2 protein chains.
Amino acid sequence: MTGIIEIAKAANVSPSTVSRVIHNPELVSEEKRNQVLEVINRTGYTPSNLGAGLRKAKTNNLVAIIPDVTSAFNYPVIRAIESIALENGYSLLLGDTQELESRERSFASMARSRQADGILLFCSNLPFDIDPEIPLSEQLPPLVNACETSDLPGLPKVNIDNVAAAEEAVNYLLGLGHKRIAAITGHVKSPSTQDRLKGYRYALRGAGIPVDDGLIEAGNYGLKDAEQATRKLMARRDRPTAIFNFSDEMAMSCLATLHDMGLRIPDDVSVMGFDDISYAEYCYPALTTVAQPMTEIGIECMELLLPQLNGKPMQACNKILPHRLMIRKSTGPAPAG
Amino acid sequence: MTGIIEIAKAANVSPSTVSRVIHNPELVSEEKRNQVLEVINRTGYTPSNLGAGLRKAKTNNLVAIIPDVTSAFNYPVIRAIESIALENGYSLLLGDTQELESRERSFASMARSRQADGILLFCSNLPFDIDPEIPLSEQLPPLVNACETSDLPGLPKVNIDNVAAAEEAVNYLLGLGHKRIAAITGHVKSPSTQDRLKGYRYALRGAGIPVDDGLIEAGNYGLKDAEQATRKLMARRDRPTAIFNFSDEMAMSCLATLHDMGLRIPDDVSVMGFDDISYAEYCYPALTTVAQPMTEIGIECMELLLPQLNGKPMQACNKILPHRLMIRKSTGPAPAG
DNA sequence: CAGACCACTGAAAACGTTGCCAGAAAACGA
DNA sequence: TCGTTTTCTGGCAACGTTTTCAGTGGTCTG
């Protein structure tokens, strides 16, 4: 009792007609349509995506390639993507690379092995062998690159302006009178970290403050690393009066570590995050941070992916979405002295 | 240049041989094997999962049906599942139901439409029409039910002992001298909340303290709701001296709200969470909570699902994994008076 | 030397759909 | 009335694999 053929037999029509009833019911006479519908309802038949996919060369699956599914930043964007995907008849496969290139490639190859129709790439490394002679659009499956974007031109990308965002954040701290502003960065080679560092430096230079590399520590977007970075920074003779974390998760860890050291926030040290994850508001003190429009990022990704899935060629595009400084309680005027 | 047939032609063998080279290379003579391998490497051929799936009636996809992917509790279990799935050649589809039954059902139907081979169900409602006459194992696809488990017997389930865990948590608070212990619960109809409430009541009764329903507020596992619940509780004439939140996320919200009201934790109020998400340790003060073994839950789910995927019939099973009280800084002795 | 066995290979039939094509019947126009 | 169009329907081939079956030729064994 599996397939469309059984249904066809039971309804006394041909398989083609059953298929039509499902996909183009208006092409079928009411009489036969009802016959077929009756059998379908009675048996609870659902067409096999496998058969249809094979025939139509489509799986209706998308893969999201994500460096770390364990990070809270991802979920609002994943949720938005999943939701839109669903509306359009696609399912979302989750590819957690755990920062491993081999995994990136194996997920990417799903497009080739017809396990997915499109790719949402959240890492900067394009896991495909590309031939520079041939236009990208002919070598790649439908794809959008977001958040950590590749420097390869020609890709549809979605991001925020990390340089400007970081600059704005640091400027805000400068405006509060801070002079020694530390940074706890993400993975040093990640584009987001590079850009935020750039913004950090711009802001400092703009204020005439020399950049002290000793105030820059790698937190690798991890809770533990951020704790160590914080301790190291606070062990300095000339402690920073403000710490700019390149993610909220690190900021939370930073906050906890500072509390642990008996420091008052923001009286002794100001702490700034990045992302505005849902927990930021519930930190103590509530975390000042740069909000990324995560849901909009997800929406925009699908906006760029859907046309490709419908056969339109991939187009270069660099969509920059607006960030926003969220001023809360973890930052305050620089301590006197 | 798509399929196995082209490869076969190029290598001067039959498609069967190519297939064998890929899946059972030891059955093929070294000579032909090398011929085929050479062509495969040269062309970068990857077999289509669609074709294979159709033939083998297998998609190598699993769906995780999750009420709210946005909740940090899920991340480690998702990661564990995804990782084991991958090792076993499966991909993980994400099904975020956003608490909607229609979505639950639509994800569940993926098993029927051959879009997935198995289901990981994290909600208590079994989204299938089942006929009580027929044994469950004949009506359901490979499936494991975890965390929020159905009361239907016969399903393979993975959970912790929520009753005992909550009892233990409350007993710990009682041991600190608290008498007015409030509870901020999850969704009232969810089994986890029901069980934790049961444990809460047991503990109170065990200590000879009458249960005051006014001290029980629904937080629905949400940040906003928990904030309101906290305010409501603290507006009482006889304020609770301890608040037991049924999730860490709510506890974080509770903590933030109490801070906002100028209360000291744990001096004025003790706060307890549930789950031990990664952020719990980084709250201020570090959150005392009941740790759920999330990674182990994920592992155990796959342990129960894999045999089913390999054709073994579904078996009733109720795997209870150990929880653990994590005593940190957000709880302390009840204030005098 | 015959018979049995072995290692290897290819042909062919599925798996469940869909979409093109062509034909039948009905409706229409002249 | 007779073409002509329209509406509806079924047949058939294809999508890309895998697996069974039936060889072929060669190597053993007694």
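Reckoned from all heavy atoms, side chains included, excluding hydrogens, waters and symmetry mates. All of these numbers come straight from a predicted model, not from anything done at the bench.
Contact check, B/S29 against C/dT9: a side-chain N or O comes under 4.0 Å of OP1 or OP2. For A/T2 and C/dG16, the shortest distance from a side-chain N or O to OP1 or OP2 is below 4.0 Å. Distances shown here put every side-chain N or O of A/S14 at or beyond 4.0 Å from the OP1 or OP2 atom of D/dG11. Within the structure, every side-chain polar atom (N or O) of A/K58 is placed at least 4.0 Å from both OP1 and OP2 of D/dC15.
Here A/R20 lies in heavy-atom contact (under 4.0 Å) with a base. Across all strands shown, B/A57 has no heavy atoms under 4.0 Å from either base or sugar-phosphate atoms.
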> Would A/E101 and A/C123 count as a side-chain contact (heavy atoms from CB on, under 4.5 Å) if you check the C-alpha gap in whole Å, the side-chain angles of each, and the deciding distance to 0.1 Å?
Replying inline: CA-CA 10 Å; A/E101 176 165 353; A/C123 51; over 6 Å; no
>> Checking B/E99 against B/H187 for the side-chain contact (heavy atoms from CB on, under 4.5 Å) test, could you report, in this order, the C-alpha distance in whole Å, the side-chain angles of both residues, the deciding distance, and whether it holds?
In response: CA-CA 11 Å; B/E99 319 277 358; B/H187 302 290; 3.4 Å; yes
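For B/H23, the listed nucleotide lying nearest its side chain is D/dT18; candidates were D/dT18, D/dT9, C/dG10. Distance from the side chain of A/K56 is smallest to C/dG19 among C/dG19, D/dG16, D/dT17. For B/R55, whose side chain is taken as the heavy atoms from C-beta onward, the closest listed nucleotide among C/dG16, C/dT17, D/dT17 is D/dT17. Comparing D/dT18, C/dG19, C/dG16 against the side chain of A/S16 picks out C/dG19 as the nearest. Here the side chain of B/S48 is nearest to one of D/dG10, D/dT17, C/dT18, namely D/dT17.
In this structure, CG of A/N24 is placed 13 Å from C1' of C/dC20, rounded to the nearest angstrom. Between the CD1 atom of B/I5 and the P atom of C/dA14 there is a distance of 17 Å, rounded to whole Å. Rounded to a whole Å, the CZ atom of A/R112 is 15 Å from the P atom of D/dG16. Atom CG of B/L50 and atom P of D/dC15 are 13 Å apart (whole Å). Computed from coordinates, the B/L27 CG to D/dC21 C1' distance equals 15 Å when rounded to whole Å. Separating the CG atom of B/L54 from the C1' atom of D/dT17 is a distance of 8 Å, rounded to the nearest angstrom. At whole-Å resolution of the value, CD1 in B/I7 and C1' in D/dT18 are 16 Å apart. A straight line from CD of A/E6 to C1' of C/dG16 spans 10 Å, rounded to a whole angstrom.
The aromatic rings of B/Y75 and A/Y75 sit parallel to each other, their planes meeting at less than 30°, with 60° as the upper class boundary.
Between B/N74 atom CG and B/F122 atom CZ the span is 7.5 Å, to the nearest 0.5 Å.
With B/L92 as reference, B/L62 is the one residue of B/V63, B/L86, B/L62, B/N61 to meet the side chain to side chain contact (heavy atoms under 4.5 Å, CB included) rule.
Summary for the helix from C/dC1-D/dG30 to C/dA30-D/dT1: the axes at its two ends, each from 5 pairs, differ by 40° when rounded to the nearest 10 degrees.
For the 3.5 Å distance criterion, the side chains of B/S150 and B/N145 fail to qualify, holding no donor opposite an acceptor.
At least one donor-acceptor pair closer than 3.5 Å links the side chain of B/D96 to the backbone N or O of B/Q98. Listed for the A/N24 side chain is no donor-acceptor partner under 3.5 Å among the backbone atoms of A/E26.
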